[in-house]
Amino acid sequence: MSNGFDDIPFFDEEPAPRKPAGSPATAAGTPAAGGLGIAARAMAARDQARAPDYLSGLNPEQREAVETIDGPVLVLAGAGTGKTRVLTTRIAHILATGKAFPSQILAVTFTNKAAREMKERIGHLVGGAVEGMPWLGTFHSIGVKLLRRHAELVGLSSDFTILDTDDVVRLIKQIIQAEGLDDKRWPAKQFAQMIDGWKNKGLDPAQIPEGDARAFANGKGRELYIAYQNRLKTLNACDFGDLLLHPIRMFKANPDVLKEYHQRFKYVLVDEYQDTNTAQYMWLRLLAQRPPGVPQNVCCVGDDDQSIYGWRGAEVDNILRFEKDFPGAKVIKLERNYRSTEHILGAAGHLIAHNEGRLGKTLFTDRVDPNDGKVVVHAAWDSEEEARAVGEEIEQLQRQQHPLNNMAILVRASFQMREFEDRFVTLGLNYRVIGGPRFYERLEIRDAMAYFRLVCQPADDLAFERIVNTPKRGLGDTTIRNLHDYARARDIPMLAAAADIIETDELKPKARKALFDVVTDFRRWQSLLENTPHTELAEQILDESGYTAMWQNDKSAEAPGRLENLKELIRSMEAFESMRGFLEHVSLVMDAETNENLDAVSIMTLHSAKGLEFETVFLPGWEEGLFPHQRALDEGGRAGLEEERRLAYVGITRAKRRCHIWFVSNRRIHGLWQSTMPSRFLDELPSAHVEVAEAETSYGGYGRNPYGQSRFDKQEPFQNSYSTPGWKRAQANKTDATRDNWGTRSGHAVERIGYGESGPRAKTIEGELVAKSTTSEPSRFSVGDRVFHLKFGNGNIASIEGNKLTIDFDRAGQKRVLDGFVEKAG
DNA sequence: CTAACCTGGATTTTT
DNA sequence: TCCAGGTTAG
């Protein structure tokens with residue numbers, strides 16, 4: 001990739017030597033004052049004069065957004081208008097023109113993925129200078145960085161622990177119980193969410209609304225919040241909200257420190273500004289605002305039409321009032337779309353126009369191709385048929401050489417995924433589920449991490465309690481409660497308490513011995529921390545603690561997978577310098593990599609699809625109650641509906657060339673079959689860009705009016721065997737087995753399931769199989785055979801039709817599967 | 001300490 | 001309906 005930087009001098013070093021740790025670096029000098037050579041500056045000026053390459057590919061609006069470096073800028077970037085490109089090029093431009101050093105740019109994103117991508121792209125533009133951009137990251141990771149430098153100012157020490165949601169809930173539960181409250185009546189989870197909500201709004205315990213405070217635990221809400229914060233302080237820990245709030249407190253209380261950062265950050269950039277919550281907004285204003293007369297070089301990029309996180313505290317208002325907050329702001333709209341066909345844009349644009357209170361953008365494209373299809377709306381009888389039909393559509397595209405990687409199924413709610421997964425397993429179509437439970441959230445990983453945490457931070461009581469009796473050491477509730485009381489009474493961490501208490505005779509000999517072993521183990525590991533390679537130490541910890549053995553002795557089906565995950569955990573540590581470094585990474589970056597070498601259909605929620613694009617997008621489940629979701633309507637009213645509509649807009653605009661929308665007439669919700677109405681959003685699509693699919697072929701039975709089927713029409717589809725009451729019952733009977741292999745449903749495991757470990761499993765295309773079966777080729781199986789299926793386990797063949805086997809699985813009940821997916825059990 | 005049993009909840013999710 | 005999480009019985 002060519003760029004304009006090949007011949008531009010690029011500086012990634014700060015002119016002044018690093019300040020010793022502990023004292024925050026004061027503002028670096030400007031580049032001009034920083035001893036940068038005259039020749040270099042001249043070259044930079046020369047290159048600026050002849051408009052460097054990196055600017056030449058931009059359209060006028062993009063270019064304006066890149067080049068308007070001084071003063072506040074709001075870039076309203078519609079879907080697919082080159083938002084990331086503008087951001088990265090803008091940074092490159094600031095650097096290339098010598099306006100600032102990399103370390104003087106504060107660039108904030110929401111997700112680690114976005115941050116990574118930006119680093120990568122800037123790296124491409126400027127050639128490997130990314131290391132020099134220490135302040136490019138998520139709100140939270142930058143928050144951590146600030147906090148580690150100034151922890152004392154908010155009453156923490158700089159090696160504080162970051163708690164994730166799970167830890168927080170456990171902690172809150174303890175607090176609720178300690179207050180003598182019934183933790184069933186007042187669920188910790190709910191209170192954790194309340195605290196999170198308050199923190200999103202930037203509220204200290206003293207500031208929360210009286211009503212909120214009363215709403216929980218007989219009016220003890222505020223009290224509990226205070227108790228929680230105190231407990232965090234004792235533990236030397238932060239939750240995610242604190243990573244934003246502590247810096248805010250710190251800056252407010254220490255204007256001199258804030259001033260240092262004002263001098264440091266010459267340019268501030270924010271991605272996805274429509275998703276900022278109040279706390280982030282406060283944080284940003286503190287850092288970006290300048291005294292009157294000093295230019296505020298802040299650039300926020302966002303799209304009000306893609307604001308879909310209102311439910312977790314995002315304030316679209318932030319983007320709507322940008323001009324008020326930063327007077328003299330220049331607002332630049334990017335409306336030229338480089339992603340989608342005119343039909344897709346037309347459909348999306350018409351839909352989103354139904355929202356009020358938008359800043360108002362209309363995407364357009366020059367790319368007009370008569371071959372481009374309209375957005376297609378399909379109807380199906382129920383979700384099973386929906387999945388089947390989507391599967392067929394995908395296979396058809398696959399036959400036309402379209403890679404599966406270019407296709408995605410975007411659902412409103414994750415329960416919808418299951419039906420697609422089931423279907424794709426049957427078809428042998430590779431798929432990958434994006435989102436869902438993450439690698440680092442798995443039980444075994446969290447346990448292992450707790451060991452590591454406790455070694456690095458002996459005061460981490462949550463980690464201690466998690467693993468003190470895992471594997472089982474005979475340290476039951478009684479012992480732990482004893483220990484807990486002992487620690488509380490002396491105000492010392494539990495591990496330290498354990499070390500003390502084994503010197504006394506407070507415990508029974510058995511427990512005392514067990515605890516003694518634990519304490520000795522941790523002492524030994526701590527002593528090894530500095531001088532042993534961290535991956536080696538990690539392995540040693542897991543082995544010596546008996547944790548590995550615990551899973552080796554476990555005969556359950558998941559155990560081997562868990563051991564594999566532990567190995568993977570150790571492997572992923574290799575990339576880090578130390579165990580501490582690794583822990584920090586994990587607490588902030590909870591995502592696992594997906595295998596991009598695999599050609600697979602992506603299945604994900606609409607929320608996790610934001611920012612992505614695919615040639616072909618399938619949008620199932622457009623029914624009232626599901627999409628727009630009933631709860632969004634009930635709880636959010638009109639605003640809720642509009643957010644749902646934006647979600648629909650996000651969905652459609654993910655598509656580059658093909659967009660298929662589906663709705664079903666019947667859906668099972670909480671186990672009950674309900675007949676459903678097509679989504680109101682379907683009526684909001686323009687007929688000029690949308691067509692309604694004619695009757696679906698093979699499983700057919702639809703009239704030509706899917707919107708208004710008569711009762712008679714609805715009966716038709718039942719004629720295929722999959723819809724017979726018997727098959728339905730068989731489906732209903734599927735009991736336990738279904739999730740077993742799916743317990744580890746993300747990244748690796750799922751990807752493995754779709755296509756099997758035993759090499760490239762037959763990628764079955766139904767058409768071929770049907771053809772095969774009509775030649776009445778004798779099946780390699782016969783009725784009664786004992787067979788094994790990757791997902792369903794062992795079973796006996798009940799009947800055979802061509803290549804379709806009906807099998808009574810031991811655990812999964814009766815299923816129909818294609819013979820390519822079973823082996824003779826051996 | 002495990003397994004059977006019961007209960008409640010069932011959008012969206014990052015950090 | 002179907003899961004997770006907790007409780008209880010053995």
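Chain letters run A, B, ... following the sequence lines, proteins first, then strands; residues in each count from 1. Side chains are part of it too, since the values below use all heavy atoms of this structure and drop only hydrogens, waters and symmetry mates.
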Kindly write out the residues that satisfy ring-ring contact (aromatic ring centres under 6.0 Å, His included) with [X], not counting sequence neighbours, or none if the list is empty.
{"X": "A:Phe627", "answer": "A:Trp622, A:Phe681"}
{"X": "A:His607", "answer": "A:Tyr309, A:Trp311"}
{"X": "A:Phe110", "answer": "A:Phe139"}

For nucleotides 6-10 of chain C, print each protein N/O atom paired with a nucleotide N/O atom at under 3.5 Å, atom names and distance only.
{"from": "C:dG6", "atom 1": "OP1", "to": "A:Lys173", "atom 2": "NZ", "distance (Å)": "3.1"}

What is the distance, rounded to the nearest whole Å, between atom [atom1] of [X] and atom [atom2] of [N]?
{"X": "A:Glu272", "N": "B:dT15", "atom1": "CD", "atom2": "C1'", "value": "15 Å"}
{"X": "A:Asp422", "N": "C:dC2", "atom1": "CG", "atom2": "P", "value": "11 Å"}
{"X": "A:Glu584", "N": "B:dT15", "atom1": "CD", "atom2": "C1'", "value": "12 Å"}
{"X": "A:Asp167", "N": "B:dT15", "atom1": "CG", "atom2": "P", "value": "17 Å"}
{"X": "A:Arg667", "N": "C:dT1", "atom1": "CZ", "atom2": "C1'", "value": "15 Å"}
{"X": "A:Gln674", "N": "C:dT1", "atom1": "CD", "atom2": "P", "value": "13 Å"}
{"X": "A:Asp166", "N": "C:dA4", "atom1": "CG", "atom2": "C1'", "value": "13 Å"}
{"X": "A:Ile669", "N": "C:dC2", "atom1": "CD1", "atom2": "P", "value": "15 Å"}

**Prompt:** Given the P atoms of C:dC3 and B:dT12, what is the spacing between them in whole Å?
**Reply:**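 15 Å, rounded to whole Å.
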
Report, one pair per line, the protein and nucleotides 8-13 of chain B atoms (nitrogen or oxygen only) whose separation is under 3.5 Å.
{"from": "B:dT11", "atom 1": "O4'", "to": "A:His629", "atom 2": "NE2", "distance (Å)": "3.3"}
{"from": "B:dT12", "atom 1": "OP1", "to": "A:Ser414", "atom 2": "N", "distance (Å)": "2.6"}
{"from": "B:dT12", "atom 1": "OP1", "to": "A:Ser414", "atom 2": "OG", "distance (Å)": "2.3"}
{"from": "B:dT12", "atom 1": "O4'", "to": "A:Arg412", "atom 2": "NH2", "distance (Å)": "3.3"}
{"from": "B:dT12", "atom 1": "O2", "to": "A:Trp311", "atom 2": "NE1", "distance (Å)": "3.3"}
{"from": "B:dT12", "atom 1": "O2", "to": "A:Arg412", "atom 2": "NH2", "distance (Å)": "2.7"}
{"from": "B:dT13", "atom 1": "OP1", "to": "A:Thr605", "atom 2": "OG1", "distance (Å)": "2.5"}
{"from": "B:dT13", "atom 1": "O4'", "to": "A:Arg312", "atom 2": "NH1", "distance (Å)": "3.4"}

**Asked** Would the number of heavy atoms belonging to other residues, nucleotides or ligands and lying under 6.0 Å from NZ of A:Lys201 be above 12?
**Response**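 12 or below, so no.
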
**Asked** For A:Lys233, does the NZ atom have more than 12 heavy-atom neighbours from other residues, nucleotides or ligands under 6.0 Å away?
**Response**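 12 or below, so no.
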
**With A:Arg412 via salt bridge (Lys or Arg N to Asp or Glu O under 4.0 Å) - residues at least two apart** =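 If we apply the salt bridge (Lys or Arg N to Asp or Glu O under 4.0 Å) test to A:Arg412, skipping adjacent residues, the hits are A:Glu644.
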
**Item:** Qualifying residues under side-chain hydrogen bond (donor to acceptor under 3.5 Å, both in side chains), relative to A:Ser545, sequence neighbours excluded
**Value:**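 A:Ser545 satisfies side-chain hydrogen bond (donor to acceptor under 3.5 Å, both in side chains) with no residue once adjacent residues are dropped.
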
**Message:** Test of understanding: with side-chain hydrogen bond (donor to acceptor under 3.5 Å, both in side chains), list the residues that count as partners of A:Asn469, not counting sequence neighbours.
**Reply:**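 Checked A:Asn469 against side-chain hydrogen bond (donor to acceptor under 3.5 Å, both in side chains); zero matches.
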
**Along DNA chain B (nearest heavy atom to each residue), the more 5'-positioned of A:Thr111 and A:Leu475** =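 Nearer the 5' end of the strand: A:Leu475.
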
**Request:** Specify the glycosidic conformation (syn or anti) of B:dT11, with syn defined as within 90° of 0.
**Result:**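 Base orientation: syn.
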
Show me the side-chain donor-acceptor pairs of residues 181-191 of chain A shorter than 3.5 Å, one per line, residues at least two apart or across chains.
{"from": "A:Asp182", "atom 1": "OD1", "to": "A:Lys184", "atom 2": "N", "distance (Å)": "2.9"}
{"from": "A:Asp183", "atom 1": "OD2", "to": "A:Gln177", "atom 2": "NE2", "distance (Å)": "3.4"}

